[in-house]
Structures are given as C-alpha cells and as structure tokens.
Amino acid sequence: MQRSIIAVAVLTGWLMGCAPEPIADEAEPAPAASEEALDARTPGAVVLPPGARVYGRPITAWAKEWYRWHFRVPADRSPMLQLEQDCDEDQDGPVYFVPTYDLGTTYQRTCRVPRNRPVLVPLWVIINDYPCPDPSFEPAPGQTLEDFLRQGALDFNNGTQDLVVTVDGRRVDTRHHRHTSGLFTFDADPSLVGKIPDPCLVGGEQRGVTDGWWLMLQLAPGEHVVNVRALAPFGAPVDYTYTLRVAR
C-alpha cells in the first residue's frame, strides 16, 4: 500500500468568541471525565482535551486544514522541505499550524508563534491519499474509498511504538490524542511532486484520510518546547524538538 508519512516530524511524515462558521465533520467522542488528569498542564502551556472544539470545529477538522496548508505551499518556500524556512509561511487562519520536516525523523526546529492563537502540533501523523499512480491501489469490490484509505492509515500507524511526548518537560499521555479523519479533499501544489515523500501525490486535487496523534495547545507568551520520541512503523527512530516562541 502506498502512503505518505508526515509527523510532527516525520519523514517519509496544533474556544473563543467571534468564531467562523463550523464545517461538517465526523463526530468525535467527548473526553472521559478523567481526561484532564491525563493532559499535561505546565505553567503557561495547556493541552486541550481531545474532544475540544476550537472555533466550533473538532481537532480532526483542523487536522484536515493542516494538510490542506501543508500541500498548498510551493516547494521553494515550504517549511516541510526546508528547516530554516519561516514556520508561518502562508498561515492566515485562527489556528497556528506547526510544520513537520518531511525529509527526516530526527531534527530541531524553532517557530515564532503569534500571541493568543491555539497551536496545532502533529506528533506522528500520516495521510493516505488517492488516486495513486500504482494501479493496484484501489478499494476491494464493495469497499468504499473512505474505508479503504482509513484502514490503510490505521494499519500502518498501528505499528508506531513507544510514543513519548513532553510539553515543557512534562510528559503528555497521548493515548486519547489519536485522531482519524473522514474522507476529505486537498489540492497539492505541483512543485511538491517528487519532493515530498508521497508516491501518490499528483499535484492537483486529491482525496485522503489522515490518522495520527495531534495536540492542540494554548500557550502563554514566552518559550515552550515540545519533544516527540517514538519508533516509526518502518523502524526508524523518531526524535524531534519544536521550540515555540510565543510573542509577548
């Protein structure tokens, strides 16, 4: 099965009033009563519960928007392909998206984050997209495209091992922060084809399903550090650090 790997690092691999209109999305379960005890709460850094709605939308909806943004930025200024590129490239929405670096699984990156914006951080995430040049990459007879793509993403990500995430040095229990989207569309810039490690990318409109672990953070002004460690499904060690400098 073909797939692209993108995770808050990944090779191949982020409430308030005056919110925009919510978009339709699959329902997410409400967090358990004890969920707050599972989330990291450090001075000035709060991990929102996995069932939180940010500007009227669940986290899976923002994960879709993250991917639309990820594929929209041309290769010559894509932060997914250049560690030194400004993380804020082409970001104009109410949620700040932390970019991955798709050419490695171990790296460090610093992002300047605007004040008073929720921050979506992909920890380890993938997108399973369609169509694909591989002629065998098709649903089984009677299987929907959504089920086909979702099952492939889940099966692959189930091989992720030993995921450990810290926010400002305190460990976050990620068990409840895995999100799987429904089928959605995105439009990839043609310049990304062959550069982002996604063998199914065609440089136009495609459909996909994303699965993985995401954190939505509320960060006070100052410096915050997110570290992600794991063993990727394909056996590579994952170790990346995001330094998030929130404007005062």
Side-chain angles (χ1 to χ4, degrees), residues 4-15 40 42 44-48 54-55 57 59 61-127 165-169 172 177 179 186-189 191-192 195-198 201 210 212-230 238-248:
S4 74
I5 302 173
I6 304 172
V8 115
V10 170
L11 153 124
T12 305
W14 341 349
L15 290 169
T42 66
V46 176
V47 179
L48 299 188
V54 178
Y55 289 101
R57 304 182 185 189
I59 290 174
W62 292 112
K64 294 176 183 180
E65 293 302 322
W66 185 95
Y67 269 104
R68 290 180 178 124
W69 166 71
H70 174 94
F71 288 121
R72 184 173 68 241
V73 183
D76 62 354
R77 49 191 177 87
S78 171
M80 289 70 171
L81 297 174
Q82 304 171 55
L83 271 175
E84 68 278 7
Q85 187 68 29
D86 190 346
C87 301
D88 198 33
E89 190 70 43
D90 278 8
Q91 294 208 45
D92 54 8
V95 172
Y96 186 87
F97 297 147
V98 171
T100 62
Y101 175 62
D102 292 351
L103 304 182
T105 57
T106 60
Y107 62 86
Q108 297 183 6
R109 157 168 269 159
T110 298
C111 297
R112 294 171 297 175
V113 180
R115 186 174 182 178
N116 295 329
R117 279 172 69 180
V119 179
L120 183 63
V121 183
L123 305 176
W124 178 267
V125 301
I126 66 167
I127 186 170
V165 177
T166 59
V167 177
D168 291 350
V172 178
H177 290 276
H179 299 273
F186 64 92
D187 194 355
D189 190 278
S191 67
L192 298 175
K195 295 182 179 179
I196 283 184
D198 179 351
L201 202 65
T210 177
W213 292 264
W214 304 79
L215 293 184
M216 185 71 79
L217 306 178
Q218 286 287 127
L219 300 175
E223 186 169 287
H224 303 275
V225 178
V226 178
N227 177 254
V228 180
R229 297 187 182 187
V238 172
D239 186 352
Y240 38 83
T241 299
Y242 290 96
T243 300
L244 307 176
R245 293 176 177 165
V246 182
R248 295 186 180 276

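What's counted below: heavy atoms across the whole structure, side chains too, no hydrogens, waters or symmetry copies. The residues of the chain are indexed from 1 along the displayed sequence.
Annotation: side chain to side chain contact (heavy atoms under 4.5 Å, CB included) contacts of Pro114 (sequence neighbours excluded): Tyr96, Arg117. Contacts of Asp189 classified as side chain to side chain contact (heavy atoms under 4.5 Å, CB included), with partners at least two apart in sequence or in another chain: Pro74, Ser191, Leu192. In this structure Asp86 satisfies the salt bridge (charged side-chain N to carboxylate O under 4.0 Å, His left out) test together with Arg112, sequence neighbours excluded.
Looking only at side-chain heavy atoms (C-beta outward), His70 and Asp102 come within less than 4.5 Å of each other. You'll find the side chain of Tyr242 reaches within 4.5 Å of the side chain of Tyr107, heavy atoms only. Residues Val95 and Met216 meet the side-chain proximity criterion, which asks for heavy atoms closer than 4.5 Å. In this structure, the side chains of Lys195 and Ser78 stay at 4.5 Å or more apart for every pair of heavy atoms. Counting heavy atoms from C-beta outward, Glu223 and Thr243 have side chains that approach closer than 4.5 Å. Annotation: side chain of Trp69 is in contact with side chain of Arg72 (closest heavy-atom distance under 4.5 Å). With contacts defined as side-chain heavy-atom distances shorter than 4.5 Å, the pair Phe97/Glu65 qualifies. Side-chain contact check for Leu215 versus Ile59: every heavy-atom pair is 4.5 Å or farther apart.
With Arg109 contributing its side chain and Pro79 its backbone, the two residues share a donor-acceptor pair below 3.5 Å.
Below 30°, between 30° and 60°, or above 60°: for Trp66 and Trp214 the angle between ring planes is above 60°, a perpendicular geometry.
A distance of 8.0 Å separates CG in Leu244 from NE2 in His224, rounded to the nearest 0.5 Å. Going from atom CH2 of Trp124 over to atom OG1 of Thr100 covers 10.0 Å, rounded to the nearest 0.5 Å. Atoms OG1 and CG, from Thr166 and Asn227 in turn, are 4.5 Å apart once rounded to the nearest 0.5 Å. One distance of note links CD of Gln85 with CE of Met80; it measures 10.5 Å at 0.5 Å rounding.
Taking each heavy atom of Leu48 and His177 in turn, the nearest pair found is O-CE1, 3.5 Å. When all heavy atoms of Ala45 and Leu219 are compared, the closest pair comes out as CB-CD2, 3.7 Å. Across Arg115 and Ala247, no two heavy atoms sit closer than the pair CB-O, 3.5 Å. Across all their heavy atoms, Pro99 and Cys111 have their closest contact at CD-SG, 4.0 Å. Leu81 and Leu103 make their closest contact through O-CD1, 3.9 Å (heavy atoms, listed as atom of the first residue, atom of the second, distance). Taking every heavy atom of both residues into account, Thr210 and Tyr67 meet most closely at OG1-CE1, 3.1 Å.
Separation of the Phe186 and Phe71 ring centroids falls under the 6.0 Å cut-off.
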